[in-house]
Amino acid sequence: MKDLLAKKALEFVRDGYVIGLGSGSTAKAFIEALGRLASEAGLKLTLVATSVDSELKAAEVGLGHMLRPLWLVDSIDLAVDGADEVAKDRVFLKGRGGALVREKIVDYRASTLLILAEATKLVPAVPARNPVPIEVVPYAWRHVARDVERKFGGVCRLRISDSGRLGPHITDNGNYIIDWTPPGPLGPEIEDALKGIPGVVDTGIFAKRRDAVVLLADERGVYAL
Ligand code: 5RP
């Protein structure tokens, strides 16, 4: 299904575009498909990755020479990303893979944001099944966790590395992630409310791209939300 979504996403690509590469397995399927298209069609693209992982993938499929740091591009035509949960009102929950900060920087700046997701990720409101990832400055992590629990309820857990390295998960920005399980679904205003806590870098609540194009896939094929 990820390959079907990736193939459909190629229809949004134009020669000369600056493209934001999302992170995660669905974004990687898109990067692979883009690698094939770019070499077949001789496309000239500029690519901005939202994680070191996506950068490595782009290099692996022959797109390394098109990668640029964000500060070297003036604008982003298209960003293609995945999501952990997609609400019908186009609020997204992201960050299970820990790339939420760079994803939000790129996704929010793109002229067109394309979100690719398996239809099982469609939920009435976020979060439905996953905790909300909150990237925090390590210095502040315990105080942020306590503030979030006191203000909004629920439970915060420091994300621990699952890579074999002992200790907290470290993001590409050198920060920690707190996974917050709130008492119930959240309104879109929680995005700004969480960011108002000193020490919070950003969160996996993406409530400000209601104009995003969302492609869903199930056994019937790919369709727009
Ligand atoms: C990473 C993300 C990913 O987009 C999200 O976790 C979806 O990943 P996948 O496509 O592997 O299901 O936000 O930080």
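Keep in mind that this is a model prediction, so the values were computed, not measured. Just so you know, ligand 1 is whichever comes first in the structure, and atom 1 is the first atom listed for that ligand.
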S.K.: In terms of atom number and element, which parts of ligand 1 are under 4.0 angstrom from non-hydrogen atoms of K94?
M.R.: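 Matching atoms, with element in brackets: 2 (C), 3 (C), 4 (O), 13 (O).
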
S.K.: Below 3.5 angstrom, do we get any N/O pair linking A27 and ligand 1?
M.R.: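 For ligand 1, there is no N or O atom that lies under 3.5 Å from one belonging to A27.
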
S.K.: With a 4.0 Å cut-off, would you call K94 and E103 a salt bridge?
M.R.: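 A salt bridge links K94 with E103.
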
S.K.: Is any N or O atom of G24, backbone or side chain, closer than 3.5 Å to an N or O atom of ligand 1?
M.R.: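 Checking ligand 1 against G24, no N or O pair falls under 3.5 Å apart.
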
S.K.: Indicate the atoms forming the closest heavy-atom contact of A83 with V86, along with that distance.
M.R.: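 In this case the closest contact between A83 and V86 is CB-CG2, 4.0 Å.
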
S.K.: Between K2 and ligand 1, which part of the residue brings a heavy atom under 4.0 Å of the ligand: side chain, backbone, both or neither?
M.R.: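 Looking at K2 and ligand 1, no heavy atom falls under 4.0 Å.
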
S.K.: As a quick check of understanding, evaluate side-chain hydrogen bond (donor to acceptor under 3.5 Å, both in side chains) for T171 and E135, giving each step before the final call.
M.R.: CA-CA 8 Å; T171 70; E135 183 159 332; 2.9 Å; yes

S.K.: With a heavy-atom distance limit of 4.0 Å, tell me whether S51 approaches ligand 1 through its side chain, its backbone, both, or neither.
M.R.: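 Within the 4.0 Å criterion, S51 makes no contact with ligand 1.
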
S.K.: Is it true that E191 and K104 have a side-chain N and a carboxylate O under 4.0 angstrom from each other?
M.R.: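 Yes, this pair counts.
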
S.K.: Measure the distance from atom 9 (P) of ligand 1 to every protein heavy atom, then report the residue, atom name and distance (to 0.1 Å) of the closest one.
M.R.: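 Going by distance alone, atom 9 (P) of ligand 1 is nearest to S25 OG, 3.4 Å.
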
S.K.: With a cut-off of 4.0 Å, which atoms of ligand 1 are near a heavy atom of D81?
M.R.: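 Checking each atom against D81, I get 4 (O).
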
S.K.: Heavy-atom contacts under 4.0 Å between K121 and ligand 1: side chain, backbone, both, or neither?
M.R.: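 Side chain only.
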
S.K.: Return the residue, atom name and 0.1 Å-rounded distance of the protein heavy atom closest to atom 13 (O) of ligand 1.
M.R.: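 The closest heavy atom on the protein side is G95 N, 2.8 Å.
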
S.K.: Check ligand 1 against R96 and write out every atom of the ligand that is under 4.0 Å from a heavy-atom position of the residue.
M.R.: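 Reading through ligand 1 atom by atom, the close ones are 6 (O), 12 (O).
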
S.K.: Atoms of ligand 1 less than 4.0 Å from G82 heavy atoms?
M.R.: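 Within the 4.0 Å cut-off of G82, ligand 1 contributes 4 (O).
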
S.K.: Closest approach of I115 and A212, non-hydrogen atoms and distance?
M.R.: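 Between these two residues, the closest heavy atoms are CG1-CB, 4.5 Å.
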
S.K.: Any idea which heavy atoms bring G22 and D81 closest together, and the distance?
M.R.: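 Closest heavy-atom pair between G22 and D81: CA-OD1, 3.3 Å.
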
S.K.: Is the closest basic N to carboxylate O distance between D211 and R209 below 4.0 Å?
M.R.: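 Answer for the salt bridge query: yes.
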
S.K.: Would you mind running through ligand 1 and noting each atom that sits below 4.0 Å from a heavy atom of T26?
M.R.: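 Counting from 1, the qualifying ligand atoms are 9 (P), 10 (O).
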
S.K.: What pair of heavy atoms forms the shortest contact from L122 to A87, and how long is it?
M.R.: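 Between these two residues, the closest heavy atoms are CD1-C, 4.4 Å.
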
S.K.: Which atom pairs, one a donor and one an acceptor, fall under 3.5 Å between side chains of residues 136-157 and the rest of the protein, sequence neighbours left out?
M.R.:
unit_1	atom_1	unit_2	atom_2	d
H143	ND1	R146	NH2	3.1
E149	OE2	C156	N	2.7

S.K.: Would you mind running through ligand 1 and noting each atom that sits below 4.0 Å from a heavy atom of D84?
M.R.: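 That gives atoms 5 (C), 6 (O), 7 (C) of ligand 1.
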
S.K.: With heavy-atom distances below 4.0 Å as the criterion, list the atoms of ligand 1 near G98.
M.R.: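 The list of qualifying atoms is 14 (O).
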
S.K.: For the residue pair G184 and P127, what are the closest heavy atoms and their distance?
M.R.: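 Shortest heavy-atom contact: O-CD, 4.3 Å.
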
S.K.: Holding to ring pair (Phe, Tyr, Trp, His ring centres under 6.0 Å), I want the full list of residues that pass it with Y108, two or more places apart in sequence or in another chain.
M.R.: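 Y108 satisfies ring pair (Phe, Tyr, Trp, His ring centres under 6.0 Å) with F206 once adjacent residues are dropped.
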
S.K.: What pair of heavy atoms forms the shortest contact from L100 to G204, and how long is it?
M.R.: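 It is CD1-N, 4.1 Å.
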
S.K.: Considering only protein heavy atoms, which is closest to atom 2 (C) of ligand 1, and at what distance to one decimal place?
M.R.: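 Residue, atom and distance for the closest contact: E103 OE2, 3.2 Å.
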
S.K.: Should you measure from each heavy atom of G97, which atoms of ligand 1 turn up under 4.0 Å away?
M.R.: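 Those atoms are 1 (C), 6 (O), 14 (O).
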
S.K.: With a 4.0 Å cut-off on heavy atoms, is G22 in contact with ligand 1?
M.R.: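 No.
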
S.K.: Tell me which one of A99, S54, P133, A117 gets a heavy atom nearest to atom 14 (O) of ligand 1.
M.R.: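 Ranked by closest heavy atom to atom 14 (O) of ligand 1, first place is A99.
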
S.K.: Please report which non-hydrogen protein atom sits nearest to atom 3 (C) of ligand 1, along with the residue it belongs to and the distance in Å to one decimal place.
M.R.: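 Here the closest protein heavy atom is S23 O, 3.2 Å.
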
